[in-house]
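Worksheet: one structure, shown below.
Numbering of residues begins at 1 and proceeds along the displayed sequence. Since we're looking at a predicted model, the values are computed, not measured. Numbering of ligands and ligand atoms starts at 1, following listing order.
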Amino acid sequence: MTKKILITGSNGLLGQKLVYRFLNEPDFSIIATSKGANRLKVEKGYMFEPLDITDAAAVSAIITKYAPDIVINTAAMTDVDGCESKPDECHKLNVEAVQNLINALKKLKNNPQLIHLSTDFIFDGKSGPYRETDIPYPPKSIYAESKFVSEKEVKASGLRWTIIRTVLVYGVVDNMSRSNIVLVAKNNLAKGRQMNVVDDQYRTPTLAEDLAEGCALATIKDATGIYHISGKDFMSILELFYKVADFWKLDKSLIKPVDTATLAQPAQRPLKTGFILDKARQELGYNPHSFTEGLQIVDNQLNGE
Ligand SMILES: NC(=O)c1ccc[n+]([C@@H]2O[C@H](COP(=O)([O-])OP(=O)(O)OC[C@H]3O[C@@H](n4cnc5c(N)ncnc54)[C@H](OP(=O)(O)O)[C@@H]3O)[C@@H](O)[C@H]2O)c1
């Protein structure tokens with residue numbers, strides 16, 4: 001029987017990749033939802049409904065209308081520094097809106113599953129890379145705190161739930177509203193702009209297609225609980241920039257290493273995160289690309305292939 005899957009934030013980096021990923025799955029019908037008009041180039045093979053998840057009545061109406069078997073909640077305020085300057089907006093979208101989804105789903109009779117996206121930033125960054133069993137505390141920013149609280153809401157929801165945490169996602173999407181680290185590095189270096197880049201923050205950067213694949217595997221395998229889904233290569237942000245420069249043959253001398261204290265970003269970042277992927281590999285068969293393979297995929301997409 002076909003399962004109905006509703007995706008929130010379908011215009012976003014992960015949201016778009018998820019819609020395209022599930023178009024290949026005949027056993028799922030897709031209801032893509034996002035704030036504002038649909039920005040995907042492909043408009044066939046799924047339904048689209050505009051949905052602002054901070055609007056409780058609208059969430060209730062759409063969830064009641066479609067009675068989805070699965071909701072994947074990718075919508076979030078993901079601008080970490082923006083969350084610091086607009087904490088109320090952040091709380092509304094990253095915390096209250098999650099409760100809107102939970103309240104609406106709890107009224108359904110079909111035992112729906114909520115798959116919620118979370119972040120490596122819920123960890124303090126003292127001992128990464130992290131496993132699912134590591135203790136996520138204390139979050140170092142308003143964004144991190146909001147995602148930490150949203151995880152608690154999801155766990156306490158009484159629904160069948162899955163939390164998928166991820167790390168520093170990059171990729172190319174249709175009609176992008178926000179850039180991401182790989183494209184920022186590539187574009188600035190290509191324009192000859194000097195960049196201060198942190199050498200003491202470590203991550204396992206994630207190709208958006210890999211994250212979508214991890215979410216799809218969890219959905220198809222009916223997996224519940226927490227999963228860490230990221231890239232497999234652990235590196236500093238500085239190394240990431242050097243790899244981007246090498247790949248596209250750009251001028252590495254534009255990259256100025258600095259430490260986190262010197263950069264003084266508005267929101268504090270955990271220093272060393274990244275994920276250990278054993279659980280996702282063993283239980284889901286998750287097998288991400290290397291970072292270099294990811295850059296090649298991005299390059300192909302930028303060239304329209
Ligand atoms: N990106 C990362 O590096 C990263 C790292 C760790 C965890 N995550 C988590 O992964 C998830 C997906 O991230 P992403 O990179 O795909 O984020 P994204 O590209 O910022 O996408 C989020 C989408 O949500 C939409 N949206 C904003 N407000 C909304 C609202 N009120 N109702 C419905 N939709 C709304 C946005 O619409 P507009 O495009 O119109 O603004 C955007 O398309 C998030 O939960 C994030 O916290 C991301």
Side-chain angles (χ1 to χ4, degrees), residues 6-21 31-40 48-56 58-59 62 71-83 86 88-98 100-101 114-123 130 136 139 141-151 154 162-184 201 203-212 214-215 227-231 237 240 267 269-270 273-275 294:
L6 187 145
I7 297 165
T8 71
S10 62
N11 282 331
L13 182 51
L14 172 60
Q16 291 201 16
K17 301 295 181 190
L18 273 175
V19 173
Y20 287 131
R21 174 63 183 78
I31 306 119
T33 72
S34 209
K35 201 179 65 174
N38 190 7
R39 291 206 299 268
L40 274 79
F48 179 83
E49 292 268 10
L51 177 63
D52 176 345
I53 63 165
T54 65
D55 180 341
V59 169
I62 293 286
V71 168
I72 305 185
N73 181 36
T74 83
M77 187 162 166
T78 54
D79 170 4
V80 179
D81 293 325
C83 288
K86 294 178 183 158
D88 293 345
E89 224 174 277
C90 171
H91 191 263
K92 208 169 171 205
L93 181 50
N94 291 0
V95 178
E96 289 171 30
V98 180
N100 292 342
L101 291 168
L114 175 58
I115 300 183
H116 178 63
L117 269 292
S118 188
T119 170
D120 56 328
F121 276 27
I122 58 164
F123 292 105
Y130 291 101
S141 65
I142 302 275
Y143 168 76
E145 177 71 23
S146 74
K147 298 300 279 191
F148 180 70
V149 174
S150 75
E151 285 199 8
V154 170
T162 312
I163 291 171
I164 296 190
R165 298 185 186 135
T166 191
V167 181
L168 202 60
V169 188
Y170 66 93
V172 179
V173 289
D174 303 341
N175 306 306
M176 289 182 88
S177 65
R178 290 190 65 203
S179 194
N180 52 75
I181 191 149
V182 163
L183 300 183
V184 166
Q201 291 181 25
R203 305 286 183 259
T204 45
T206 310
L207 177 70
E209 275 79 1
D210 283 338
L211 176 56
C215 294
Y227 287 90
H228 283 182
I229 298 285
S230 74
I237 306 286
L240 183 156
R269 267 76 171 170
T273 68
F275 286 158

Legend entry - Euclidean distance, I7 CD1 relative to T33 OG1, rounded to 0.5 Å: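 So the OG1 of T33 and the CD1 of I7 are separated by 8.5 Å.
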Residue, atom name and distance, where the atom is the protein heavy atom closest to [atom]:
atom	answer
atom 43 (O) of ligand 1	G12 N, 2.9 Å
atom 4 (C) of ligand 1	V169 CG2, 3.6 Å
atom 13 (O) of ligand 1	T78 CG2, 3.9 Å

Below a 4.0 angstrom heavy-atom separation, can you tell me which part of [X], side chain or backbone, both or neither, approaches ligand 1?
X	value
K147	side chain
S118	backbone
Y170	neither
N180	neither

Closer than 4.0 Å to some heavy atom of [X] - which atoms of ligand 1 meet that?
X	answer
A75	24 (O), 33 (C), 34 (N), 35 (C)
N11	43 (O)
L51	32 (N), 33 (C)

Inset, instruction - Would you please determine whether R39 falls within less than 4.0 Å of ligand 1 on a heavy-atom basis? - result: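 Checking ligand 1 against R39, which is what was asked, there is a heavy-atom contact under 4.0 Å.
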Inset, instruction - Specify whether the nearest protein heavy atom to atom 36 (C) of ligand 1 is under 4.0 angstrom away. - result: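 Answer no: nothing from the protein, no heavy atom, is under 4.0 Å.
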Please say whether [X] places an N or O atom under 3.5 Å from an N or O atom belonging to ligand 1.
X	answer
G15	no
D52	yes
Y143	yes

Legend entry - Lys/Arg-Asp/Glu bridge criterion (N-O < 4.0 Å) met for D120, K147: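 No, this pair does not count.
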Inset, instruction - May I ask which of N100, N73, L13, N94 has a heavy atom nearer to atom 19 (O) of ligand 1 than the others do? - result: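 It is L13 whose heavy atom sits nearest to atom 19 (O) of ligand 1.
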